[in-house]
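Just the heavy atoms: all of them, side chains too, but no hydrogens, waters or symmetry mates, feed the values below.
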Amino acid sequence: HGRDDGGELRGYRPLVTSDRSSLAAASLVSVMFINMLGFGIVIPLLPFYAESFHAAPWQIALIFSAFSMGAFFGEPVWGRMSDRVGRKPLLLSTVSGTLLCYLALAFAPDVWTAFVIRFIGGAASGNGAVMQGYIADVTPAEKRSRRMAWIGASGSLGLVIGPSIGGVFAHPEAGTAGFRVPLLIAAGFSATCLLSILLFIREPQVHRAREETGSRWRAIGEVTRHPVIGRLMLTTFLVGFAFTGIESVFGLWGERRFGWGPREVGWCFAAAGAVSGLVQFFVTGPLSERFGEARVLAAGMALTTIGILGQTQSTGFPMTAALLVVTAIGQSVSWPNVGALISRNADPAKQGQVLGLNNATGAFARFVGPLTAGLAFAHVSINAPFVIAAVLVAPAVLLALSATGRART
């Protein structure tokens, strides 16, 4: 790697004490939880928000997936930039993008303006790779699954509290204006998060190489050919495609099948989020450290398949909520291990870039998944998105196990 002017080896990390790394990771998770409250408010309301513009099912799916389409372009850029200029500046800029997106969405005049706002917001605020890079910077390799799970848990808890706030303050009978207050509340949480990052989050004390990391296209070629990372990225695409497709039509599915409104959908997401948060805080890390990240990833994918396919036979709220919880548990024990496995196998100087490319793969899946699910929901049957999702998730089990063998080799 060569030496810098001070005699340290470039590209290597200094030793970080366990207490300091735990405090740094916990600080980031606490701050991001505030931001994820806003996310939890908005996501379950999006189908009903889009319907207030008299949007067709495919247009509703398009609005839902526009954010991910924007993140497809933003994630690799922010991840790569965070490798070079630091994690904190990128956290500030991306949370600012989220804040502006909520404000603009509250006053969108039509469905196409809402789509453009969601797309720009996704491009400006794709910070998943930055957060994962921060965790990788301050965490020993053997504890990364546990800490990556904390990030997921903050999102899950946001889905516990957020939907209930959105459900209370949303008034679909008032049309688009009836969703303005929840969107402004979400913007307020983002503003609080922005202030908290300024005051409480420190740049990781990691000495990293500053050489040019190469073009994005070259990096894509490298990671797709990598025997472990390439398989994990394919897993990210398949599961992201399936799960976000289900998520995008879940509100409409509940409305058509059981006559539900925003409150019932919000409670389903809240139940899944509560269980998901608990699993990621207390279960995922210990399981991964005991049985190995790839095995736990494969088991989680299998559980996800069971939960998704079971929804086609649901008889009402208790069964639907229970199956959504099963799916949430499967996702909760799976996804932190993807980030941990990638960070173990990626060049330390390019972790943000590689994690960004993986998140971009997931973002692309979150774009085409809802669009496909919306078309299947409208033109095949209301259960078709669940069947398609189960068929796509099942191969991810084999991909995870295959990545394990390659990593050992």
Side-chain angles (χ1 to χ4, degrees), residues 43-51 54-66 68 159 163 167 172 235-273 275-276 299-332 334-335 362 364-398:
I43 289 300
L45 295 179
L46 273 179
F48 304 100
Y49 170 80
E51 273 194 329
H54 308 290
W58 68 270
Q59 291 175 312
I60 294 172
L62 198 62
I63 287 180
F64 196 95
S65 60
S68 298
L159 285 175
T235 300
T236 296
F237 176 79
L238 290 174
V239 180
F241 183 102
F243 191 72
T244 55
I246 294 301
E247 194 176 42
S248 68
V249 300
F250 186 81
L252 298 177
W253 177 81
E255 181 183 49
R256 298 282 179 86
R257 187 159 181 175
F258 303 117
W260 291 350
R263 292 179 187 273
E264 291 84 0
V265 173
W267 281 115
C268 279
F269 276 108
V275 173
S276 181
M301 293 298 95
L303 202 59
T304 299
T305 304
I306 294 170
I308 289 174
L309 196 58
Q311 293 289 14
T312 61
Q313 306 301 315
S314 178
T315 56
F317 183 86
M319 185 174 179
T320 298
L323 287 169
L324 198 61
V325 165
V326 170
T327 304
I329 292 173
Q331 295 283 294
S332 299
S334 300
W335 284 118
F364 181 67
R366 291 192 296 274
F367 168 66
V368 295
L371 189 58
T372 303
L375 292 171
F377 182 89
H379 299 292
V380 182
S381 75
I382 62 173
N383 285 325
F386 294 91
V387 176
I388 293 171
V391 170
L392 289 174
V393 174
V397 178
L398 298 177

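In terms of the ring-ring contact (aromatic ring centres under 6.0 Å, His included) criterion, W267 has no residue partners (sequence neighbours excluded).
When all heavy atoms of G245 and A373 are compared, the closest pair comes out as O-CB, 3.3 Å. Pairing each heavy atom of L309 with each of T312, the nearest pair is O-OG1, 2.8 Å. Here the closest heavy-atom approach between residue A328 and residue S332 is recorded as O-OG, 2.6 Å. Summarising the geometry of G251 relative to V265, their closest heavy-atom pair is CA-CG2, 3.7 Å, with the distance given to 0.1 Å. A pairwise comparison of heavy atoms in L238 and P395 identifies CD1-CB, 4.4 Å as the closest pair. Taking each heavy atom of A365 and G240 in turn, the nearest pair found is CB-C, 3.7 Å.
If you take CG on L303 and OG1 on T327, they are separated by 7.5 Å, rounding to the nearest 0.5 Å. For the atom pair CZ of F241 and CG of L371, the computed distance is 8.5 Å after rounding to the nearest 0.5 Å. Separating the CZ atom in F243 from the CD atom in Q331 is a distance of 4.5 Å, to the nearest 0.5 Å. Interatomic distance, CD1 of I63 versus OH of Y49, reported as 7.0 Å (0.5 Å rounding). Residue F250 holds its CZ atom at 14.5 Å from OG1 of T244, rounded to the nearest 0.5 Å. In this structure, E247 CD and L46 CG are separated by 9.5 Å, a value rounded to the nearest 0.5 Å.
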Distance-only check: which donor-acceptor pairs under 3.5 Å involve side-chain atoms of residues 382-393, not counting sequence neighbours?
{"from": "N383", "atom 1": "OD1", "to": "W253", "atom 2": "NE1", "distance (Å)": "3.1"}
{"from": "N383", "atom 1": "OD1", "to": "R257", "atom 2": "NH1", "distance (Å)": "3.2"}

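In this structure, T305 contributes its side chain and M301 its backbone to a donor-acceptor pair below 3.5 Å.
Using bins of under 30°, 30° to 60° and over 60° for the plane-to-plane angle, the ring pair F237/F364 lands in the parallel bin.
Within the 4.5 Å cutoff, the side chain of E51 has heavy atoms near those of the L252 side chain.
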### Task
Give the C-alpha distance, both sets of side-chain angles, the deciding distance and a yes or no for side chain to side chain contact (heavy atoms under 4.5 Å, CB included) between Q313 and L323.
CA-CA 10 Å; Q313 306 301 315; L323 287 169; over 6 Å; no
